[in-house]
Chemist: 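Following this message is one structure expressed as structure tokens.
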Amino acid sequence: SAHEDQTGSDSQPGTTVSTAIVTGGSMGFGKALATELATQDWNLVIDGRNRGVLDEAGHFLESIGSGKTHAIAGDVADQGHRTEMVDAAVEFGDFRVLVNNASTLGPSPQPSLGDYPIDQLRAVFEVNILGPLALIQLAVPHLRASRGTVVNMTSDAAIEAYQGWGGYGSSKAALEQMSKVLAAEEPDITVYWFDPGDMLTRMHQDAFPGEDISDRPPPESRVPAIIDLLTGGFPSGRYTAEWFLNRSAVK
């Protein structure tokens with residue numbers, strides 16, 4: 001039968017397992033997204049700076065789907081670490097999605113720009129814009145070949161003027177402009193810059209030290225929006241979780 005003709009040695013009939021890199025995949029939104037991809041049997045490369053938390057996330061992800069997970073401890077600001085992640089994704093095969101989710105808020109409580117320590121601002125830009133671009137540069141040849149997708153996680157702080165958000169916001173504004181130009185330059189790659197909105201995450205808590213932010217939605221509630229984005233054939237551009245969630249509510 002046709003079914004028998006398609007069957008590989010130990011793989012499912014006629015299927016190729018795709019691979020995604022999700023930076024900052026050990027907690028928060030990154031882990032929530034990686035969890036959904038794992039249930040859809042993707043191979044995953046995730047990273048994080050806390051090895052214990054990361055290893056726990058890696059074991060969990062492997063337990064919920066048939067795909068493999070490679071959890072690599074490190075910082076996206078480090079070139080050796082970035083190379084290791086892309087090498088792992090290429091080794092898994094069919095590398096087609098890169099999600100630049102890892103980012104840093106900077107000092108907490110957040111200083112105003114008039115007092116912002118430049119060395120700390122430089123560190124924010126290293127993680128939020130230079131690291132993601134350097135990772136994209138390593139991934140581009142492979143993503144061109146797979147006609148793959150880059151998702152750069154952004155924020156309304158990139159386009160609105162919130163007092164105290166000058167460091168983080170300007171780094172995300174740079175990430176958005178970089179994403180736009182990348183989309184113009186790379187016709188074979190789809191580039192999304194995606195704003196998940198406020199979420200109940202550790203970084204969001206750091207932005208509001210001592211405040212109760214328990215009214216913010218959990219990261220898991222925003223994952224269906226990014227899955228819709230990744231699977232919906234949308235053109236390159238800026239998208240918000242809110243738009244997708246409102247769209248599905250209208251349906």
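Please read all numbers here as calculations on a predicted model, not as lab measurements.
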Chemist: Does the Asp198 side chain pair with the main chain of Arg216, one donor and one acceptor, at a distance under 3.5 Å?
Modeler: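 No, Asp198 side chain to Arg216 backbone: no donor-acceptor pair under 3.5 Å.
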Chemist: Look at the aromatic rings of Trp165 and Tyr168 and report parallel, tilted or perpendicular, splitting at 30° and 60°.
Modeler: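 Rings of Trp165 and Tyr168: perpendicular, over 60°.
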Chemist: Using the side chain to side chain donor-acceptor pair (under 3.5 Å) definition, which of the options His70, His81, Arg82 pairs with Asp47?
Modeler: His81
Chemist: Okay, side chain of Asn43, backbone of Lys68: is any donor-acceptor separation there less than 3.5 Å?
Modeler: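 Between the backbone of Lys68 and the side chain of Asn43 there is a qualifying donor-acceptor contact (under 3.5 Å).
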Chemist: Would you kindly say whether Thr154 and Asp195 are connected by a side-chain donor-acceptor distance under 3.5 Å?
Modeler: no
Chemist: Report yes or no: does Ser236 contribute a side-chain atom to a donor-acceptor pair with the main-chain N or O of Val191 at less than 3.5 Å?
Modeler: yes
Chemist: Would a 4.5 Å heavy-atom cut-off, applied to side chains only, mark Thr149 and Tyr192 as touching?
Modeler: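 Yes. Closest side-chain heavy atoms under 4.5 Å.
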Chemist: Throw together a table of side-chain donor-acceptor distances under 3.5 angstrom for residues 121-134, partners on residues two or more places apart or in other chains.
Modeler:
from: Asn128; atom 1: OD1; to: Thr104; atom 2: N; distance (Å): 2.8
from: Asn128; atom 1: ND2; to: Thr104; atom 2: O; distance (Å): 2.9
from: Asn128; atom 1: ND2; to: Ser171; atom 2: OG; distance (Å): 3.0

Chemist: Can you hop from Ile226 to Val150 via hydrophobic side chains spaced under 4.5 Å?
Modeler: no
Chemist: Going from CD1 on Ile72 to CG on Asp55, what distance comes out if it is rounded to the nearest 0.5 angstrom?
Modeler: 11.5 Å
Chemist: Does any N or O in the side chain of Ser155 come within less than 3.5 Å of the main-chain N or O of Ala157, such that one atom is a donor and the other an acceptor?
Modeler: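 Here the side-chain-to-backbone pair exists.
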Chemist: Would you give the length of the straight line joining atom CG of Asp87 to atom CG of Leu138, rounded to the nearest 0.5 angstrom?
Modeler: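 One gets 8.0 Å once the value is rounded to the nearest 0.5 Å.
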Chemist: Under 6.0 Å between ring centres: does that hold for Phe194 and Tyr239?
Modeler: no
Chemist: Would you say Leu245 and Glu242 make side-chain contact, with heavy atoms under 4.5 Å?
Modeler: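 Answer no - side chains too far apart.
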Chemist: In the structure I gave you, are the side-chain heavy atoms of Leu200 and Pro217 within less than 4.5 Å of one another anywhere?
Modeler: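 Of all side-chain heavy-atom pairs linking Pro217 with Leu200, none is under 4.5 Å.
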Chemist: Do Ile227 and Leu37 come close enough that some side-chain heavy atom pair is under 4.5 Å?
Modeler: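 Yes, side chains in contact.
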Chemist: Measuring from atom CZ of Phe60 to atom NZ of Lys31, what distance do you get when rounded to the nearest 0.5 angstrom?
Modeler: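 Between Phe60 CZ and Lys31 NZ, I get 6.0 Å after rounding to 0.5 Å.
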Chemist: Check whether any side-chain heavy atom of Trp193 lies under 4.5 Å from a side-chain heavy atom of Leu175, and answer yes or no.
Modeler: no
Chemist: Working to the nearest 0.5 Å, report the span between NZ of Lys172 and OG of Ser170.
Modeler: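 Separation between the atoms: 11.5 Å.
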Chemist: Quick test of your reading of the model: are Asp188 and Arg144 salt-bridged, counting only N-O distances below 4.0 Å?
Modeler: no
Chemist: If you round to the nearest 0.5 Å, how far is OG1 of Thr35 from CG of Leu61?
Modeler: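 That separation rounds to 5.0 Å.
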Chemist: Can you classify the ring geometry of Phe234 versus Trp243 as parallel (below 30°), tilted (30 to 60°) or perpendicular (above 60°)?
Modeler: perpendicular
Chemist: Are the side chains of Asn152 and Met178 in contact, using a 4.5 Å heavy-atom criterion?
Modeler: yes
Chemist: Following the transitive rule for hydrophobic clusters with a side-chain heavy-atom cut-off under 4.5 Å over Ile, Leu, Val, Met, Phe, Trp and Tyr, establish whether Ile64 and Leu33 coincide in one cluster.
Modeler: yes
Chemist: Should Trp42 and Arg96 count as side-chain neighbours, where that means a heavy-atom distance under 4.5 Å?
Modeler: yes
Chemist: Can you tell me how far CD of Gln163 sits from CD of Gln110, rounded to the nearest 0.5 angstrom?
Modeler: 12.0 Å
Chemist: Looking at Glu56, I want to see if its CD is surrounded by more than 12 non-hydrogen atoms of other residues, nucleotides or ligands under 6.0 Å.
Modeler: no
Chemist: Would you find more than 12 non-hydrogen atoms of other residues, nucleotides or ligands less than 6.0 Å from Glu91 atom CD?
Modeler: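 No.
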Chemist: Ignoring hydrogens and geometry, is there a side-chain-to-backbone donor-acceptor pair from Glu220 to Glu36 under 3.5 Å?
Modeler: no
Chemist: Could you walk me through whether Asp94 and Thr19 pass side-chain hydrogen bond (donor to acceptor under 3.5 Å, both in side chains), step by step?
Modeler: CA-CA 6 Å; Asp94 195 36; Thr19 299; over 6 Å; no
Chemist: Hey, are the side chains of Met199 and Pro218 touching, using non-hydrogen atoms and a 4.5 Å cut-off?
Modeler: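 The answer is no; the side chains never approach within 4.5 Å.
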Chemist: Judged by modelled atom types alone, do Glu62 and Thr69 share a side-chain donor-acceptor pair under 3.5 Å?
Modeler: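 Side-chain D/A pair, Glu62 to Thr69: absent.
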Chemist: Cluster partners of Val53, using ILVMFWY side-chain heavy atoms under 4.5 angstrom, listed by chain and number?
Modeler: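 When side chains under 4.5 Å apart are linked, the cluster holding Val53 also contains Met27.
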Chemist: Under 3.5 Å, side chain of Arg51 to main-chain N/O of Ala73, donor-acceptor pair present?
Modeler: no
